[in-house]
Amino acid sequence: MQIGLVGLGKMGGNMRERLRNAGHTVVGYDTNPELADVNSLVDLVEQLERPRAVWVMVPAGAATQSVIDQLGSLLRHGDTVIDGGNSRWTDDEKHAEELAKHGINFVDAGVSGGVWGLKNGYALMVGGEKEVVDDLKPIFDALKPEGPYGYVHAGKVGAGHFSKMVHNGIEYAMMQAYAEGWELLEKVDSVDNVREVFRSWQEGTVIRSWLLDLAVNALDEDHHLDNLRGYAQDSGEGRWTVEAAIDNAVPLPAITASLFARFASRQEDSPQMKMIAALRNQFGGHAVEAAKK
């Protein structure tokens, strides 16, 4: 299958490679000419055969809106735009409505996999009309992990990004629990090898997970996380999850507390946030701040 891909950063670039490895033709565009296959969105659209499919992998908000506005004027009836960034689900509804005026289909895809996706595949949560989503299945099958799981048509437009938002909210709470446990273990005198305690949990325990594996990786690189500042950003999806919970009167005490803990990390050098920062760097390549000497 042929597809255009806009945004060739840490995830987009790896997605291009994974799709090509599966035999698909990918025409990629990025504002960084060293990464791009073509010089402009116009060139990208002209190189694709109709009906065209263009996957947008740029930061949520103004950047995504700008690309979708441009594609709305370049694409034609029957073409499809897939937003695979971390857009808010309410923006998906707006984008679908805008593109529908030109007869252009819209699909939203929540994508999880970070810098490991090229090797392991990407978990995909997709929203959109069934016929449109089904036409894109070869692309989703190439990106997803091997095996029966890792892809879902979650529902109508917005369902993909809403599902990914909740996924990230759960991720916040899980990371916070590991971080709190790590700090407590580091604090007491009786435990003198916290890294190996974490490693011992990787097999046979009910809290084993990929995040736990990444925590061990981080501790292997920096035994006590001394080189990190206890400061962790939030991507926005944690906030959106809490806002959606308020709108729907759903109690989310663990997720809400983990979001507020990140806010607290910006006021002092929090030991827990060293682990949060380390985990975010491990799975997503997110920037970390060095400890102050």
Side-chain angles (χ1 to χ4, degrees), residues 1-88 91-111 113-115 117-118 121-122 124 126-129 131-144 157 160-161 164 285:
M1 186 172 175
Q2 189 183 53
I3 190 167
L5 182 57
V6 182
L8 302 171
K10 284 181 291 190
M11 285 188 69
N14 283 345
M15 289 169 65
R16 175 176 60 176
E17 185 174 348
R18 187 172 174 89
L19 286 168
R20 286 177 173 170
N21 290 343
H24 296 287
T25 299
V26 184
V27 181
Y29 171 70
D30 193 276
T31 53
N32 181 350
E34 295 182 1
L35 301 176
D37 302 316
V38 292
N39 295 322
S40 67
L41 282 178
V42 173
D43 291 342
L44 180 145
V45 170
E46 288 180 348
Q47 289 199 25
L48 297 174
E49 299 175 0
R50 297 186 62 185
R52 308 177 186 94
V54 180
W55 190 301
V56 180
M57 206 68 189
V58 302
T64 295
Q65 184 67 60
S66 175
V67 172
I68 288 179
D69 287 344
Q70 293 176 70
L71 290 174
S73 66
L74 295 171
L75 297 175
R76 296 293 179 263
H77 190 281
D79 293 342
T80 301
V81 172
I82 308 106
D83 179 6
N86 282 332
S87 294
R88 189 179 175 121
D91 289 343
D92 295 327
E93 297 166 354
K94 175 175 175 285
H95 295 153
E97 186 177 327
E98 291 169 349
L99 292 172
K101 295 175 182 177
H102 305 284
I104 301 168
N105 305 310
F106 179 83
V107 169
D108 61 288
V111 182
V115 296
L118 173 58
Y122 301 88
L124 303 171
V126 178
E129 295 182 8
E131 290 184 3
V132 179
V133 171
D134 286 348
D135 286 342
L136 296 166
K137 194 67 164 42
I139 295 297
F140 300 141
D141 285 341
L143 289 171
K144 68 179 283 297
V157 166
H161 281 145
K164 176 58 163 44

Once rounded to the nearest 0.5 Å, what's the spacing between atom [atom1] of [X] and atom [atom2] of [Y]?
{"X": "Lys144", "Y": "Ile139", "atom1": "NZ", "atom2": "CD1", "answer": "14.0 Å"}
{"X": "Leu41", "Y": "Asn39", "atom1": "CG", "atom2": "CG", "answer": "11.5 Å"}
{"X": "Tyr29", "Y": "Asp43", "atom1": "OH", "atom2": "CG", "answer": "9.0 Å"}
{"X": "Glu131", "Y": "Leu136", "atom1": "CD", "atom2": "CG", "answer": "12.5 Å"}
{"X": "Met11", "Y": "Asn14", "atom1": "CE", "atom2": "CG", "answer": "8.5 Å"}

Can you find a pair of side-chain heavy atoms, one from [X] and one from [Y], that are under 4.5 Å apart?
{"X": "Val107", "Y": "Asp83", "answer": "no"}
{"X": "Leu99", "Y": "Ile68", "answer": "yes"}
{"X": "Arg88", "Y": "Lys94", "answer": "no"}
{"X": "Phe106", "Y": "Glu129", "answer": "no"}
{"X": "His95", "Y": "Val81", "answer": "no"}
{"X": "His77", "Y": "His102", "answer": "no"}
{"X": "Trp55", "Y": "Val111", "answer": "yes"}
{"X": "Asp92", "Y": "Ser87", "answer": "yes"}

* Given Leu19 and Met1, is the side chain to side chain contact (heavy atoms under 4.5 Å, CB included) satisfied, shown in steps? -> CA-CA 9 Å; Leu19 286 168; Met1 186 172 175; over 6 Å; no
Check [X] against [Y] and note the closest heavy-atom contact, atom names and distance.
{"X": "Leu44", "Y": "Val6", "result": "CD1-CG2, 4.2 Å"}
{"X": "Gly78", "Y": "Pro51", "result": "O-CB, 3.6 Å"}
{"X": "Leu5", "Y": "Gly12", "result": "CD2-O, 3.2 Å"}
{"X": "Val157", "Y": "Ala96", "result": "CG1-CB, 3.9 Å"}
{"X": "Arg18", "Y": "Leu143", "result": "NE-O, 3.2 Å"}
{"X": "Ala53", "Y": "Ile3", "result": "O-CG1, 3.3 Å"}

Within the side chain of [X], is there an N or O that forms a donor-acceptor pair under 3.5 Å with the backbone of [Y]?
{"X": "Ser66", "Y": "Ala63", "answer": "no"}
{"X": "Asn21", "Y": "Glu17", "answer": "yes"}
{"X": "Asn105", "Y": "Thr80", "answer": "no"}
{"X": "Arg20", "Y": "Thr25", "answer": "no"}
{"X": "Arg76", "Y": "Leu74", "answer": "yes"}
{"X": "Asp108", "Y": "Gly160", "answer": "yes"}
{"X": "Arg52", "Y": "Asp79", "answer": "no"}
{"X": "Gln2", "Y": "Glu49", "answer": "yes"}

* To do: Please test Glu98 against Gln65 for side chain to side chain donor-acceptor pair (under 3.5 Å), starting from the C-alpha separation and ending with a verdict.
  => CA-CA 11 Å; Glu98 291 169 349; Gln65 184 67 60; 3.2 Å; yes
* Tell me, with the steps shown, if His24 and Arg16 meet side chain to side chain contact (heavy atoms under 4.5 Å, CB included). => CA-CA 9 Å; His24 296 287; Arg16 175 176 60 176; over 6 Å; no
* Asked: When you look at Asp30 and Val58, which way does the side chain to side chain contact (heavy atoms under 4.5 Å, CB included) test go after all the steps?
  -> CA-CA 9 Å; Asp30 193 276; Val58 302; over 6 Å; no
